[in-house]
Every structure is written in C-alpha cells, then in structure tokens.
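Naming: A, B, ... by sequence-line order, numbering from 1 per chain.
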There are 4 protein chains.
Amino acid sequence: MQERRSVVTENTAPRRLRADAQRNVDSLLEAAKAVFGTSGVDAPAKQIADLAGVGVGTLYRHFPQRSDLVKAVFQREVDACADAAPALSAAHEPGVALDKWLQRYTEFLATKRGLASALHSGDPAFDALPCYFMQRLGPTCASLLEAAAANGEVRADVSAKDLLYAVANLCLPVEDEGVAYSRRMVALLVDGLRYGAAVSRSGA
Amino acid sequence: MQERRSVVTENTAPRRLRADAQRNVDSLLEAAKAVFGTSGVDAPAKQIADLAGVGVGTLYRHFPQRSDLVKAVFQREVDACADAAPALSAAHEPGVALDKWLQRYTEFLATKRGLASALHSGDPAFDALPCYFMQRLGPTCASLLEAAAANGEVRADVSAKDLLYAVANLCLPVEDEGVAYSRRMVALLVDGLRYGAAVSRSGA
Amino acid sequence: MQERRSVVTENTAPRRLRADAQRNVDSLLEAAKAVFGTSGVDAPAKQIADLAGVGVGTLYRHFPQRSDLVKAVFQREVDACADAAPALSAAHEPGVALDKWLQRYTEFLATKRGLASALHSGDPAFDALPCYFMQRLGPTCASLLEAAAANGEVRADVSAKDLLYAVANLCLPVEDEGVAYSRRMVALLVDGLRYGAAVSRSGA
Amino acid sequence: MQERRSVVTENTAPRRLRADAQRNVDSLLEAAKAVFGTSGVDAPAKQIADLAGVGVGTLYRHFPQRSDLVKAVFQREVDACADAAPALSAAHEPGVALDKWLQRYTEFLATKRGLASALHSGDPAFDALPCYFMQRLGPTCASLLEAAAANGEVRADVSAKDLLYAVANLCLPVEDEGVAYSRRMVALLVDGLRYGAAVSRSGA
DNA sequence: GATGAATGAGAATTCATTCAT
DNA sequence: AATGAATGAATTCTCATTCAT
C-alpha cells in the first residue's frame with residue numbers, strides 16, 4: 001500500500017533535498033541514534049521525533065519504515081566496518097585479519113544494544129534489515145573467511161552469512177553482562193573456527 | 001502487591017487442583033505452547049486464553065505472571081534436560097558428555113523458537129526466567145564443564161553461565177535458517193572450548 | 001433477581017445457623033472489620049474472604065449485598081452508640097448530653113475511615129446503609145436534639161437527619177489530617193447549633 | 001515517566017492550539033462537565049470521550065492525568081470564586097464578607113456533585129487536586145478569615161485549610177437532599193465560627 | 001514540506017458474581 | 001453448606017499511522 005520510499009536510503013536517484021529537509025533528516029538520525037542507545041531500536045516514534053525537535057509526520061515522511069531509520073542510522077558505521085577489511089587484510093595474516101575484523105564487527109554490534117535484536121525480531125517493521133546487513137557485510141566477511149581458510153588457519157565449512165548471524169546473536173545483551181561478555185564469546189567462536197582447521201590439518 | 005503465586009510452578013504444597021481446574025491448566029499449557037511457537041512468548045494473553053477455550057481471568061488465576069506460564073510450559077523439558085546429564089557423564093568421556101549435553105540443550109532451545117528471546121527480552125514480565133533457567137541448568141552445566149576441564153579436554157576459563165547464555169543466543173531464530181543452523185553454530189562454539197584446551201596443554 | 005437475604009442482618013426469623021456456619025460468619029465479620037480499616041469498605045471481596053479463611057462463595061451466601069456486611073460489621077457499634085444516649089441524658093444537661101453524644105458518634109465514624117464515605121458513595125451496593133443508619137440513630141439523635149432545643153441550649157431548626165449526615169460528612173478523611181480534625185470540625189458545627197440558640201434567646 | 005503535561009492547565013507558554021484542537025478541548029471540557037455531574041469525577045474516560053465525539057487518545061493527549069481534566073473543568077470557576085473575594089471585602093464588614101464568600105464557595109461545590117468527593121478520594125489520579133484547590137483558594141480564605149477574626153467577629157483558632165475542607169465535606173451529596181441542605185449546614189458551621197468569637201469576647 | 005492532532009485498535013489487568021464440585 | 005474456579009465485562013493507557021491544517 002505504502003509506496004513511498006525512504007529518501008535517504010534510496011540508492012537510485014538521490015534527489016537533492018531542500019536544505020531544511022536535509023537538516024531535519026540529520027536531526028532525526030542523530031536523535032534516533034541516541035534513542036536507540038537508550039531505549040532500543042523499537043522505541044516509540046514520538047520519542048525520536050521529539051528529541052529531533054521535529055513532528056512525527058516528518059519522521060514518517062523521511063523514514064516510512066522503521067527499518068529505513070535503523071538502516072540510515074547505522075549505514076555509515078556498517079560501511080566503515082566493511083571498509084575496514086582491506087587494511088586489515090593487507091596488514092595481517094589472513095587468520096588474524098579475520099579475527100580482528102570480527103572483533104570490530106562485534107564492537108559495533110555490542111555497543112549498539114538493541115540493534116542485534118532487531119536483526120531477528122520477527123517484527124515486520126525490521127524485515128528489511130537482515131537483508132541490508134548481509135548485502136553490505138556478507139562479501140567482506142566472505143573474502144576474509146576464504147582467505148583464512150585457504151591459508152589453513154580456519155575451517156572452510158562455515159559460511160560468511162552463518163558467521164555474521166552467529167556473531168550478531170552472541171552480541172545480544174545478556175542479563176547484567178556488558179560488552180566484555182560479547183567479546184569473550186565471539187573469541188570463543190573464532191577459536192572454534194581455528195580448532196576445526198587445526199584438527200583437519202593434524203588429520204592430514 | 002502481587003502475592004498470588006502460580007499454582008503449577010509452586011513447589012511447596014502442590015495442593016491438588018480440582019479436576020476441572022486441572023483440565024483448564026492443561027489446556028492453557030497446551031495452548032500456550034502452541035501460541036509461543038507461533039507468535040513468540042510475548043503473545044497477547046487473550047490469544048492463549050481463547051485457544052485454550054478459557055477466559056482470560058482463568059489464565060491470570062493460574063499464571064499471574066507471564067513468566068509463570070513460560071516456566072510452566074517448559075519446566076518439564078528443562079528438568080528433563082538437566083536430568084539427562086548424569087547418564088551422559090556415566091557413559092562418555094567428560095568432553096563428549098559436555099558436548100552431547102550441550103547438543104541436547106540446543107535441541108531444546110532451538111525447537112522452542114521464542115523461548116530463547118524471552119531469556120533476554122528486558123521485559124520485566126520475564127525477569128524471573130533467566131534466574132529459573134540458571135538455577136536449574138547452571139549446576140548441571142557447571143559440573144560437566146569442570147569435569148571436562150579437569151580432564152584437559154576443554155579450557156577452564158569459561159563459566160557455565162556464560163556458556164549457557166551463549167548457546168541460548170546462538171539458538172535464536174535466524175532468518176530462514178532452522179535448527180540445523182543452531183546446531184552447527186553451537187558445535188563451533190564447543191570447538192572453541194576445545195581449541196583453548198589444546199593450546200594451553202601444548203603450552204604446558 | 002437475587003432474593004436471598006443476609007442471614008445475620010435478617011431480623012425476622014433469625015433461624016439458628018449450624019455451628020460451623022456461625023463460626024464462618026464470625027470469622028467474616030472479624031476479617032471484614034480489619035479489612036475495612038485497612039482498605040476501606042469497598043475492598044475486594046476476596047481479600048476479606050481470604051483473611052477469614054473462607055471461600056468467597058461463603059461470604060456471598062451470608063452477605064449477598066456488600067451493605068449487609070457493612071451493616072453487620074458495625075451493627076454492634078451502632079447499637080452501642082444509640083444505647084449510650086439515655087445515660088448521657090440522665091447525667092447531663094440536655095445541651096451537654098447532645099454534645100457528648102455527637103462526640104461519641106464522631107469517634108465511631110472517624111475511626112472507621114471509609115465507613116462515612118460509604119454513606120454517600122452512590123454505589124448501589126451501599127444503598128441500604130444510610131437508611132439503616134438513620135433508622136437506628138435518627139430517633140436517638142432526635143430526642144437529644146429536641147431536649148436541648150426545648151431547654152434553649154441549641155437552635156430548633158436543624159433536623160436530626162441533617163445533623164447526623166453533616167457530622168458523617170465532617171468525619172470524612174481529609175488529606176493528612178486525622179481524627180483530631182474531625183473532632184474539631186464537629187465541635188465547630190455544634191457551636192453553630194448553640195450560636196443559633198443564643199441569638200434567638202438574646203432576641204427574646 | 002509521565003512527562004507530557006496538560007496543554008490547558010499549563011500556565012507557562014500557553015502555546016496556541018490549532019483551531020480544531022481547541023474545538024476538541026472545548027468539547028471535552030463540556031462533555032467532562034456533563035459526565036462529572038452524572039457519573040462523578042471518576043467516570044470512565046471512554047464515556048467522556050464518546051460524549052465529546054472524540055477518541056480516547058485525544059482525551060489522554062490533552063489531559064494525561066485525570067486530575068488535569070478535573071482541574072481544567074473547574075479552573076475557571078475556582079478562579080472566579082477566588083476573585084470574588086476582594087469585592088466582598090470592600091462591600092461588607094469582614095464577618096459578613098467571609099460569610100458571603102463561603103456561601104459562594106458552597107454554591108460552587110454543591111452544584112458540582114462529585115467534585116468534592118474527588119478532593120478526598122484517595123485515588124492517586126486525583127492527588128494533584130487538593131493541592132491545586134488549596135493553592136488557589138487557601139490565601140483568599142485565609143485573608144477573609146483573618147480580617148473577620150481581627151474584627152472579633154469570628155474565632156481565630158480555625159485555619160483556612162480546615163475550613164475549606166470542612167465546607168467541601170459538607171457539600172458532599174446526601175441521600176436525596178439538594179444544594180439547600182449544603183447551604184444550611186455550611187451556615188451552621190459559620191455560626192460555629194461566630195459562637196466561638198462571642199465566647200472569647202465575653203471572656204475578655 | 002512540516003506539523004502534530006486525532007484516531008482507535010489493542011494489551012494488560014482486576015473483580016463482582018455465579019455455579020459446578 | 002462450603003468452596004474456589006471460571007467468567008468476561010470493564011477500565012486504563014499506549015502508540016503506530018494517517019491526514020487536516
């Protein structure tokens with residue numbers, strides 16, 4: 001029914017916004033980021049609009065779907081995360097590069113409490129998110145993974161998608177634990193990747 | 001304020017319910033299980049009551065807190081899960097026993113989509129759940145873990161609590177993946193436990 | 001529709017209750033008194049039944065209407081209040097007797113927070129109460145009033161009913177004030193009765 | 001938690017409402033006044049919204065707290081009541097001014113059946129009311145009272161607050177009595193104030 | 001384009017009262 | 001007679017979303 005698409009996350013024809021409109025979009029993104037951190041990604045729309053000093057209507061105009069807003073809020077960081085891969089690859093052994101990149105990914109997710117939940121909330125408002133994340137991070141992760149596997153440092157039977165989701169899940173908030181917990185568990189998972197490789201090598 | 005306690009989850013004085021009441025409780029548990037599977041553990045109370053062919057009041061009488069219902073629905077299975085440990089310990093090497101038990105735990109969680117979410121929903125209605133799960137499964141997992149660590153098969157620096165939560169997180173539904181995905185990721189995590197052990201032994 | 005009448009407040013044919021039934025009625029009265037004091041006269045029925053160690057059904061059997069219970073709870077005290085009049089009349093000047101009796105009435109109402117409210121709650125469950133109170137206390141108050149008026153100590157233009165209601169109203173709980181407040185205000189009202197008399201006498 | 005404030009009772013920055021919003025607020029006030037008169041100040045929100053031809057959400061938007069609505073409904077009249085004092089003081093002897101002003105106050109309360117109840121309902125939804133009433137009428141009443149006392153026309157040992165509450169209580173609806181009853185009882189109370197003065201003077 | 005008022009469908013929860021056991 | 005389970009209407013309050021201004 002609703003056919004309007006988010007102005008900001010729309011790749012095709014990124015029609016220039018009027019200056020004031022752009023200012024609103026910026027306020028909204030900043031406000032959303034703050035509110036997401038406080039109350040999670042499914043915080044009431046009004047709360048975000050209020051903090052942005054903008055009417056709810058304006059929020060809905062620019063971000064018809066909740067996931068549009070989440071996407072837009074984290075786009076830059078997701079991009080940065082993806083873009084960090086080449087440098088890591090260049091500077092480290094493949095296995096270490098993978099490890100460090102996953103740590104970076106962990107850092108991103110774990111400090112955005114609520115983001116990870118949105119990736120599998122079931123709420124149709126977030127349906128578009130997993131797809132977006134995969135599109136952006138999947139190839140990056142895949143190439144790191146393949147390089148490390150090719151180098152015999154990690155097992156080869158885990159897909160990038162599986163890994164990205166697993167890490168995302170491990171970054172979900174747990175009782176009174178903080179980021180450190182997520183880091184530890186992700187490290188454990190990565191060790192699992194290594195263990196597989198070691199076993200198969202030792203078996204060779 | 002809230003002083004009534006769930007009739008079914010009450011350990012002390014499990015006073016016999018009237019036959020008709022017991023029938024209702026059973027219907028409710030069955031209905032809840034079905035609805036939890038469909039709409040998650042935070043489905044509207046009415047939906048469950050309706051499916052059980054019972055008034056909402058009846059639901060609230062037997063399960064004043066949402067978590068009472070969740071607990072009751074899974075109690076038997078949680079118990080069975082905990083109770084499976086001794087046999088596994090007796091029949092297998094400590095490391096294998098731990099592995100097999102975690103697989104069983106995984107099976108339980110992964111087939112109860114939505115249960116795992118409740119463990120970290122943040123909703124105060126579920127506050128009691130993590131505590132209950134830990135009480136019941138924590139010691140079981142801890143002894144398996146210690147035995148395996150003592151035997152040098154897994155690393156010793158991961159607590160039972162951390163592990164249980166991590167597995168629960170890994171069992172969260174992921175896009176269109178099913179139980180097989182959860183199994184794989186948990187296996188990976190367990191390999192991580194082993195990897196650590198190998199390293200420290202080789203370091204000795 | 002409901003034609004059963006309260007067993008206890010029924011004047012006609014006070015059919016003997018079975019011993020156990022009488023015990024229940026007694027428990028209920030005691031419990032009701034306690035609960036009325038704590039939560040007001042419109043406290044949930046279950047709360048009273050629970051305290052009495054009795055099922056709600058039993059409460060409803062003996063006191064089909066809420067007002068039946070209130071009546072029964074205070075009957076003895078209302079009676080005592082009414083019965084105190086003759087002695088006061090005998091021992092004091094009519095004006096003083098009236099004054100002292102109204103103080104007693106005040107004491108009764110003011111220490112039964114919530115009772116006074118029930119006298120004009122509008123809730124049909126309490127409809128029968130004002131009538132009962134008037135029946136029992138009206139004549140008593142009237143004769144004291146008339147005697148004092150005949151003696152020229154108070155004005156003659158205030159009816160017993162008006163006075164009883166006015167005092168009841170003044171006994172309603174006020175913010176953080178206690179019984180002392182009620183006493184003071186009732187005393188003020190009584191002075192008003194005297195003032196009128198003085199004026200008319202001085203005018204004679 | 002609750003941060004929104006009633007638009008209408010907000011003194012600071014009485015930002016102009018949109019025309020349609022103002023119309024709704026007016027409908028709501030009118031409806032509330034009617035319903036308060038019929039069913040008391042604690043009538044269901046829906047009843048008021050329906051009568052106003054407005055959704056409940058609209059009611060909650062403008063009057064987040066029940067007491068906001070009550071305040072708004074009576075604000076103008078409370079103000080008028082307070083504002084009437086100076087003229088009465090100017091035109092009459094202090095004692096008469098006090099008398100007339102209390103009559104006016106009585107008139108206000110007695111014709112708003114249910115309002116007085118709200119002043120001591122105990123329901124937290126009305127917590128703000130007594131405070132508001134006292135703030136507005138307390139000083140007015142106090143200065144009338146002091147002037148009359150200074151003039152020896154009434155006793156000096158009754159506080160404005162006590163008096164205002166006492167009159168409010170006397171204005172509570174009584175069985176089938178109407179406003180006339182309230183007037184009579186308040187007059188009696190005021191005579192009580194005078195009686196005391198006479199006594200103390202005679203004692204001088 | 002922006003605004004924010006309005007809507008109204010839920011969702012939770014409570015309790016008086018009935019009636020099967 | 002007693003019990004207490006069941007009912008479900010009633011009420012409060014929230015929020016996503018639309019649309020008049």
Side-chain angles (χ1 to χ4, degrees), chain A residues 1-2 7 17-21 23-24 42-47 49-50 53-62 64-66 123 125, chain B residues 1-2 4 7 15 17-25 42-47 49-50 53-62 64-66 125, chain C residues 1-2 7 17-24 42-47 49-50 53-62 64-66 123 125, chain D residues 1-2 4 7 15 17-25 42-47 49-50 52-62 64-66 125:
Chain A
M1 306 81 185
Q2 179 58 58
V7 174
L17 289 173
R18 259 168 41 183
D20 56 342
R23 220 173 308 126
N24 281 338
D42 47 359
K46 180 137 211 312
Q47 196 178 335
D50 281 353
V54 145
V56 267
T58 305
L59 190 162
Y60 276 93
R61 161 175 289 270
H62 293 303
Q65 303 297 322
R66 171 61 58 119
D123 187 323
Chain B
M1 287 298 180
Q2 184 60 59
R4 277 175 292 167
V7 173
R15 187 150 34 90
L17 285 175
R18 252 165 47 182
D20 55 342
Q22 186 58 58
R23 219 173 308 127
N24 281 335
V25 167
D42 47 359
K46 181 134 210 315
Q47 194 178 335
D50 282 354
V54 143
V56 267
T58 304
L59 192 162
Y60 277 95
R61 161 180 284 271
H62 294 300
Q65 304 295 324
R66 172 60 57 115
Chain C
M1 307 82 186
Q2 178 60 54
V7 174
L17 288 174
R18 257 168 42 181
D20 57 341
Q22 185 58 55
R23 220 173 308 126
N24 281 338
D42 46 1
K46 179 137 209 315
Q47 197 177 335
D50 281 354
V54 145
V56 268
T58 305
L59 190 162
Y60 275 92
R61 161 175 289 272
H62 294 302
Q65 303 297 322
R66 172 60 57 117
D123 186 324
Chain D
M1 287 300 181
Q2 183 59 57
R4 279 175 290 168
V7 173
R15 184 149 39 91
L17 285 175
R18 253 164 48 180
D20 55 342
Q22 186 59 58
R23 219 173 309 126
N24 280 336
V25 167
D42 46 1
K46 180 133 211 315
Q47 194 178 337
D50 282 353
V54 142
V56 267
T58 304
L59 191 161
Y60 278 96
R61 161 179 285 270
H62 294 301
Q65 303 296 323
R66 172 60 59 115

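Look at CG on D50(A): it is 15 Å from P on dT14(F), rounded to the nearest Å.
Residues A45(B) and L59(B) share a closest heavy-atom pair of O-CD1, 3.6 Å. Of all the heavy atoms in P64(A) and R61(A), the pair that sits closest is CD-O, 4.1 Å.
Taken to the nearest 0.5 Å, the OH atom of Y60(D) stands 6.5 Å off from the CZ atom of R66(D).
In terms of the side chain to side chain donor-acceptor pair (under 3.5 Å) criterion, residue partners of D50(D) (sequence neighbours excluded) are, by chain and number, K46(D). Qualifying side-chain contact (heavy atoms from CB on, under 4.5 Å) partners for V54(C), counting only residues two or more places apart in sequence or in other chains: N24(C), L28(C), A52(C), T58(C).
DNA chain F forms stems at E:2-21 with F:2-21, each a run of 3 or more consecutive Watson-Crick or G-U wobble pairs whose two key distances fall under 3.5 Å.
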In B/S/- notation, 5' to 3', how is nucleotides 6-12 of chain E contacted by protein heavy atoms closer than 4.0 Å?
BBBB-SS
